[in-house]
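Remember, it's 1-based here, ligands and their atoms both numbered in the order they're listed. The structure displayed is predicted, hence computed values, not measured ones. These values consider heavy atoms only, across backbone and side chains, with no hydrogens, waters or symmetry-generated copies.
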Amino acid sequence: MEQIQTRCVVVGGGPAGMMLGFLLARAGVEVMVLEKHADFFRDFRGDTIHPSTLELMHQLGLLEEFLRQPHQETRELRGTINGHTVPIADFSKLPTHCKFIAFMPQWDFLNFLSGHARKFPEFHLCMQYEVTDLLTASGRVTGVRANTPQGEVEVRADLVIGADGRHATTRLRAHFEVQEFGVPIDVLWMRISKRKPDPAQSLGFFDRGKLLVLLDRRDYWQCGVVIPKGDLEEIKARGLPAFQDYIATMATFLRDRVTELDDWSKIKLLTVQINRLREWCREGLLCIGDAAHAMSPAGGVGINLAIQDAVATANLLAEKLRQGPVSLEDLRAVQKRREWPTRLIQRMQVFIHRRIATGKASSGKTKLPFVVWLLKTFPVLRQLPARFIGIGPRPERVRSPAKEN
Ligand SMILES: Cc1cc2nc3c(=O)[nH]c(=O)nc-3n(C[C@H](O)[C@H](O)[C@H](O)COP(=O)(O)OP(=O)(O)OC[C@H]3O[C@@H](n4cnc5c(N)ncnc54)[C@H](O)[C@@H]3O)c2cc1C
């Protein structure tokens with residue numbers, strides 16, 4: 001079996017893993033990012049790049065080039081709630097360079113980041129490397145075993161980072177204790193074509209406890225229909241025409257093309273989870289991003305949070321990693337820094353799910369929920385959700401060193 005030695009191995013090339021790989025390589029730390037897929041093209045990924053992430057791009061000197069990639073800018077989030085189109089968050093007053101959310105398919109974002117990371121000789125991205133197990137010695141994690149197209153390899157490292165998402169192999173193999181926060185909803189994920197007179201931006205439609213989200217992917221809409229957990233079989237039993245009608249009732253402009261959904265294979269079930277590890281680390285291993293705390297799509301903040309974890313990890317560990325292994329105390333410092341913002345956001349997501357699942361978000365047939373009414377009536381209040389969504393609690397700044405050439 002091939003054996004490879006590196007300073008840090010990052011499992012997973014999602015937003016957390018790729019940002020961390022970039023920052024460590026930038027600091028002169030030898031790093032390998034192992035990604036199990038052959039590319040980044042997967043539908044379930046979110047598309048939102050928040051003002052705080054754009055601020056990091058600015059700090060890294062990448063913002064101008066980043067904004068030259070095809071994207072859309074949303075300065076105000078609007079939702080259609082019980083038939084009323086209402087503004088919910090106003091990003092225009094944020095204390096950041098970019099006062100908008102950039103909508104960019106996540107594969108473009110990851111390609112951009114990995115393209116820049118590759119400029120550092122210390123960065124190695126290995127696609128189609130699927131980590132199957134951790135290597136340990138005397139209770140310490142010393143590397144990972146991975147399946148690759150060339151066969152099995154062992155990658156030994158001073159530090160293993162688990163950035164392999166909600167179904168992380170790293171956290172499973174490390175036997176970390178997971179705290180689950182019951183989520184009463186799931187999401188059905190599908191594509192519907194876009195046509196000329198369609199509204200320009202991504203929209204959320206809330207209607208008496210029902211929720212439809214539309215993400216603009218240039219020539220099609222990526223649609224997310226929120227359903228009560230476990231209800232898919234019942235929805236299927238009612239038949240496709242009933243489901244098509246369900247969507248068309250919420251977003252009427254889609255009525256002329258919902259029949260594109262003519263087979264259940266075009267509709268994918270994504271189970272939504274919210275959970276968090278009690279301990280994010282043990283000797284030689286640290287989990288970050290969804291691997292440490294699976295986020296629901298509510299508020300579209302999971303990507304941002306994963307990136308913030310990566311920045312904090314690099315800030316706290318890069319300098320030490322340049323010299324050699326890091327201690328368990330060093331790893332615990334990352335959890336200490338990132339756990340509080342995670343808890344706060346997850347609490348908010350649990351609250352939102354309960355409101356949606358119980359239909360409490362809509363008190364009557366046409367009435368607006370009180371909180372939404374407040375946002376509609378007092379524009380200044382829209383800066384609060386904008387700050388929470390756009391920047392989030394405890395935003396990170398890049399403090400990890402840049403290698404001197
Ligand atoms: C339906 C849905 C929609 C969402 N929409 C949004 C949104 O619009 N905005 C937002 O901010 N958040 C959204 N989220 C949440 C967001 O997707 C996550 O919070 C975010 O992707 C976490 O980033 P990550 O890098 O930690 O993990 P991930 O993005 O899950 O990346 C993990 C990576 O690890 C790889 N991997 C997994 N296992 C292995 C292995 N064994 N070996 C090697 N590689 C492996 C995976 O292929 C993947 O590339 C959504 C979530 C869901 C479920």
Side-chain angles (χ1 to χ4, degrees), residues 9-21 32-50 52-53 74 77 101-107 109-110 113-114 125-134 144-148 153 155 160-173 183 185-190 202 204 213-217 222-227 268-275 280 287-310 313 338 342 345-346 349 389-390 392:
V9 61
V10 177
V11 183
M18 203 57 81
M19 180 55 97
L20 182 59
M32 281 180 78
V33 178
L34 312 184
E35 167 54 48
K36 70 176 174 184
H37 289 101
D39 54 42
F40 301 122
F41 290 90
R42 281 179 297 294
D43 261 350
F44 66 86
R45 295 191 182 281
D47 288 15
T48 50
I49 310 295
H50 289 230
S52 54
T53 300
T74 298
L77 278 188
I101 288 186
F103 280 83
M104 179 185 287
Q106 203 184 109
W107 51 81
F109 174 64
L110 293 174
L113 212 49
S114 59
L125 174 60
C126 305
M127 302 303 283
Q128 289 180 284
Y129 273 53
E130 178 167 11
V131 168
T132 53
D133 211 348
L134 298 173
V144 296
R145 183 170 295 125
N147 283 330
T148 80
V153 296
V155 184
V160 175
I161 297 286
D164 40 347
R166 315 184 283 155
H167 307 294
T169 303
T170 48
R171 80 182 197 184
L172 190 74
R173 295 291 184 215
V183 177
I185 59 159
D186 280 328
V187 178
L188 297 180
W189 212 229
M190 68 219 76
S202 303
V213 177
L214 300 181
L215 297 177
D216 187 346
R217 291 261 173 89
Q222 182 72 53
C223 311
V225 176
V226 175
I227 61 166
K268 292 179 197 127
L269 173 71
L270 285 173
T271 51
V272 179
Q273 296 172 319
I274 301 181
N275 60 43
W280 298 16
C287 286
I288 60 168
D290 268 23
H293 45 74
M295 306 302 287
S296 113
V301 290
I303 297 169
N304 201 44
L305 195 66
I307 289 173
Q308 300 281 319
D309 281 4
T313 305
R338 297 306 306 158
T342 305
I345 294 174
Q346 288 189 324
Q349 291 191 324
I389 295 170

Q. Just which atoms of ligand 1 are under 4.0 Å from any heavy atom in Asp47?
A. 8 (O)
Q: Could you check which of Gly302, Gly13, Ala168, Ala291 puts a non-hydrogen atom nearest to atom 15 (C) of ligand 1?
A: Gly302
Q. Looking only at side chains, do Asn304 and Thr53 share a donor and an acceptor under 3.5 Å apart?
A. yes
Q. Roughly how far, to the nearest 0.5 Å, is CG of Leu215 from SG of Cys223?
A. 8.5 Å
Q) Is there a heavy atom of Val272 sitting under 4.0 angstrom from any atom of ligand 1? A) no
Q.
How close do Ile389 and His50 get, counting heavy atoms only, and between which atoms?
A. O-ND1, 2.6 Å
(Q) Below the 3.5 angstrom mark, is there an N/O of Leu215, backbone or side chain, next to an N/O of ligand 1? (A) no
Q. Quick one: does ligand 1 sit under 4.0 Å from the side chain of Phe40, the backbone, both or neither, non-hydrogen atoms only?
A. neither
Q: Output the list of atoms in ligand 1 that are nearer than 4.0 Å to some heavy atom of His37, sorted by atom number.
A: 47 (O)
Q: Could you tell me whether some N/O pair between Ala306 and ligand 1 is separated by less than 3.5 angstrom?
A: no
**Q.** ligand 1 contact on Ala16 by region, counting heavy-atom pairs under 4.0 Å
**A.** both
**Q.** Atom indices of ligand 1, in the order listed, that fall short of 4.0 Å to a heavy atom of Val131
**A.** 40 (C), 41 (N), 42 (N), 43 (C)
Q | Per-atom contacts, ligand 1 versus Gly12 - under 4.0 Å to a heavy atom | A | 33 (C), 34 (O), 35 (C), 44 (N)
Q | For Tyr129, atoms of ligand 1 separated by under 4.0 Å from a heavy atom | A | 42 (N), 43 (C)
(Q) Show the atoms of ligand 1 that are less than 4.0 angstrom away from any heavy atom in Thr169. (A) 41 (N)
Q: Report the part of Leu34 (side chain from C-beta onward, or backbone N, CA, C, O) that has a heavy atom under 4.0 Å from ligand 1; answer both or neither where that applies.
A: backbone
Q | Atom pair CG (Leu188) and NZ (Lys268), whose distance is rounded to the nearest 0.5 Å | A | 12.0 Å
**Q.** Heavy-atom proximity to atom 47 (O) of ligand 1, best of His293, Arg173, Glu35
**A.** Glu35
Q | Part of Thr132 within contact of ligand 1 (heavy atoms, under 4.0 Å) | A | neither
Q: Indicate the atoms forming the closest heavy-atom contact of Arg171 with Cys287, along with that distance.
A: CB-SG, 4.0 Å
Q) Between Gln128, Glu130, Lys36, which one has a non-hydrogen atom sitting closest to atom 39 (C) of ligand 1? A) Lys36
Q.
Please give me the minimum heavy-atom distance between Cys126 and Met32, naming the atom from each residue.
A. SG-CE, 3.4 Å
Q.
So, applying side-chain contact (heavy atoms from CB on, under 4.5 Å) with Leu34, which one of Val10, Leu125, Thr148, Val131 is it?
A. Val131
Q: For Val301, take its heavy atoms, then give the atoms of ligand 1 lying under 4.0 Å from any of them.
A: 10 (C), 11 (O)
Q: Please report the closest heavy-atom contact between Val187 and Gly224, naming both atoms and the distance.
A: CG1-CA, 3.9 Å
Q | Donor on one side chain, acceptor on other, Asp186 and Thr271, under 3.5 Å | A | no
Q. Is it the side chain (CB and beyond), the backbone, both or neither of Ala294 that lies under 4.0 Å from ligand 1, heavy atoms counted?
A. neither
(Q) Would you compute the distance between atom CG of Asp39 and atom CH2 of Trp107 and round it to the nearest 0.5 angstrom? (A) 10.0 Å
Q: First locate atom CG of Asn147, then atom OG1 of Thr132, and finally report the distance between them rounded to the nearest 0.5 Å.
A: 5.0 Å
Q. Taking both backbone and side-chain atoms of Ile288, is any N or O found less than 3.5 Å from an N or O belonging to ligand 1?
A. no
Q) Should you measure from each heavy atom of Asp290, which atoms of ligand 1 turn up under 4.0 Å away? A) 18 (C), 19 (O), 22 (C), 26 (O)
Q: Please indicate whether any nitrogen or oxygen in Trp189 is less than 3.5 Å from any nitrogen or oxygen in ligand 1.
A: no
(Q) Nearest 0.5 Å, please: how far is CH2 in Trp280 from CD1 in Ile288? (A) 9.0 Å
Q: Consider only side-chain N and O atoms of Asp290 and His167, and report whether a donor and an acceptor are under 3.5 Å apart.
A: no
